[in-house]
J.: 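A single structure is presented below for examination.
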2 protein chains.
Amino acid sequence: MEFKEAKNKFVQTWGALGSQWGINKTMAQIHALLMVSNEPVSMEDVMEELQISRGNASMNLRALMDWGIVYKEYKAGERREFFTAEKDLDELAVKIARERSKREIKPALKILKEVSSIEAKDSAEEKHFVDQTNKLYDFVLKADNMLDKMTEFKENWLGRLVLKIMK
Amino acid sequence: MEFKEAKNKFVQTWGALGSQWGINKTMAQIHALLMVSNEPVSMEDVMEELQISRGNASMNLRALMDWGIVYKEYKAGERREFFTAEKDLDELAVKIARERSKREIKPALKILKEVSSIEAKDSAEEKHFVDQTNKLYDFVLKADNMLDKMTEFKENWLGRLVLKIMK
DNA sequence: TTAAACTTTCAAAAATAAATGAAAGTTTGT
DNA sequence: ACAAACTTTCATTTATTTTTGAAAGTTTAA
């Protein structure tokens, strides 16, 4: 396999993986492209390499910057903007986790809290509902806290974590 | 808030969460419904409560069973089938993790291995590509192994993990 | 063996999500 | 202040995913 083919395969694969995890395909592809580029990439380059429109490129680059995993760079003497991806994988994982927690988990926790707080009256059905949603609340809260904890380890949290788990 | 409203809100929320995580909405809703039901639910009930067609209910129940998080139950003297969800949350998390690893992570790892194995020749661009995809391979492999390790703790792995992380 | 009771399948339709591209907006050098 | 160079927005189009429902398939009891 030669370089160009490998690069394309990587971008496609990462894109497919992204869409299975709730991130849109193009966004994941752009991120993949930036990750394996050794120097900043312009919007034109992104459009050209992925064969996408200007609007699409612009919107998804913006989204990636909102997630804090892609940065703008300015080259001396160049008018246009260039982009680079966060390449430190620990940092990347932490940022993604933090963002998804904020956008998805926190709101879900709020609802879980709400629905688990109804008065259970006396039917077994309602008791079971309250019990189960309470358990779910505790579980999700614990998982979310774990994500927060990750961010406290500044370096190589995953490697250390694996060691710990293996006892 | 009264029971019916709370139940509906929970089902909707869980469904929305599912679709953000690559699981289809109806599948997540059915699962939510079964999780908070204190007794087995028939396909008719599912159709009725979620207002979905027979085919949709059938396909998604099948998918949930393939994931190993919903079970068929037979009631004595009843012709039709009933369904229950895995209600143990540790068990549920482990099964979901295992399934996603098998379906998504393992295939991605294979590709990462492939593309990181090209001969890097001498350009900085190609060297960077090989270096970055190698790092990615190691990272994803480590994360995936962590998921595998979870399954070794039979009970309350999350709680124990959180304790450990907090040191 | 038959037929009633139930479940699954899958082509077509509907719903949803993503991409386009032209127009509007912004920034920068002169 | 102007206009060239570039970026963003968003109504419309396109692509993808999900749902439907009728037909085919299966199981069970008599």
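Here is how names work: the chains are called A, B, and so on, in the same order as the sequence lines, proteins then strands, and each is numbered from 1. Everything numeric here is computed off the predicted structure, so don't read it as measured data.
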J.: Would you kindly give the CZ-to-P distance between R80(B) and dC6(C), to the nearest whole Å?
T.: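 Those two atoms, CZ and P, are 7 Å apart.
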J.: Could you check how far CD of E81(B) sits from P of dC6(C), rounded to whole Å?
T.: 11 Å
J.: Counting only heavy atoms from other residues, nucleotides and ligands, does the tally under 6.0 Å from NZ of K87(A) exceed 12?
T.: yes
J.: Rounding to an integer number of Å, can you tell me how far F82(B) CZ sits from dA5(C) P?
T.: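 Answer to the nearest Å: 16 Å.
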J.: What is the distance from NZ of K72(B) to C1' of dC6(C), rounded to the nearest Å?
T.: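 Computing the K72(B):NZ to dC6(C):C1' distance gives 11 Å.
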J.: Return the value, rounded to whole Å, for the distance between atom CG of L64(B) and atom P of dT8(C).
T.: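 That distance rounds to 13 Å.
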J.: Let me have a per-nucleotide readout for nucleotides 19-30 of chain D, 5' to 3', with B, S or -, counting only protein heavy atoms under 4.0 Å.
T.: SBB-----BB--
J.: Using atom CZ of R62(A) as one end and atom C1' of dA18(C) as the other, report the distance to the nearest whole Å.
T.: 18 Å
J.: Nearest whole angstrom, please: distance from the C1' of dC6(D) to the OH of Y74(A).
T.: 12 Å
J.: Is it true that the side chains of T26(A) and N60(A) contain a donor and an acceptor less than 3.5 Å apart?
T.: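 There is no such pair (donor and acceptor under 3.5 Å, judged by atom type) between the side chains of T26(A) and N60(A).
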J.: Answer yes or no: is there a side-chain heavy-atom contact under 4.5 Å between E119(A) and F3(B)?
T.: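 In short, these two side chains do not touch, never coming nearer than 4.5 Å.
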J.: How would you list, by chain and number, every residue that makes a salt bridge (charged side-chain N to carboxylate O under 4.0 Å, His left out) with E39(B), sequence neighbours excluded?
T.: none
J.: Starting from P on dA18(C), measure out to CG on L50(A) and report it in whole angstrom.
T.: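 In whole Å, dA18(C) P lies 16 Å from L50(A) CG.
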J.: Looking only at side-chain N and O atoms, does S42(B) offer a donor or acceptor that is under 3.5 Å from a partner on D45(B)?
T.: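 There is such a pair between these side chains.
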J.: Does NZ or CZ of R100(B) fall inside the cone over W21(A)'s six-membered ring, less than 6.0 Å from its centre and within 45° of the axis?
T.: yes
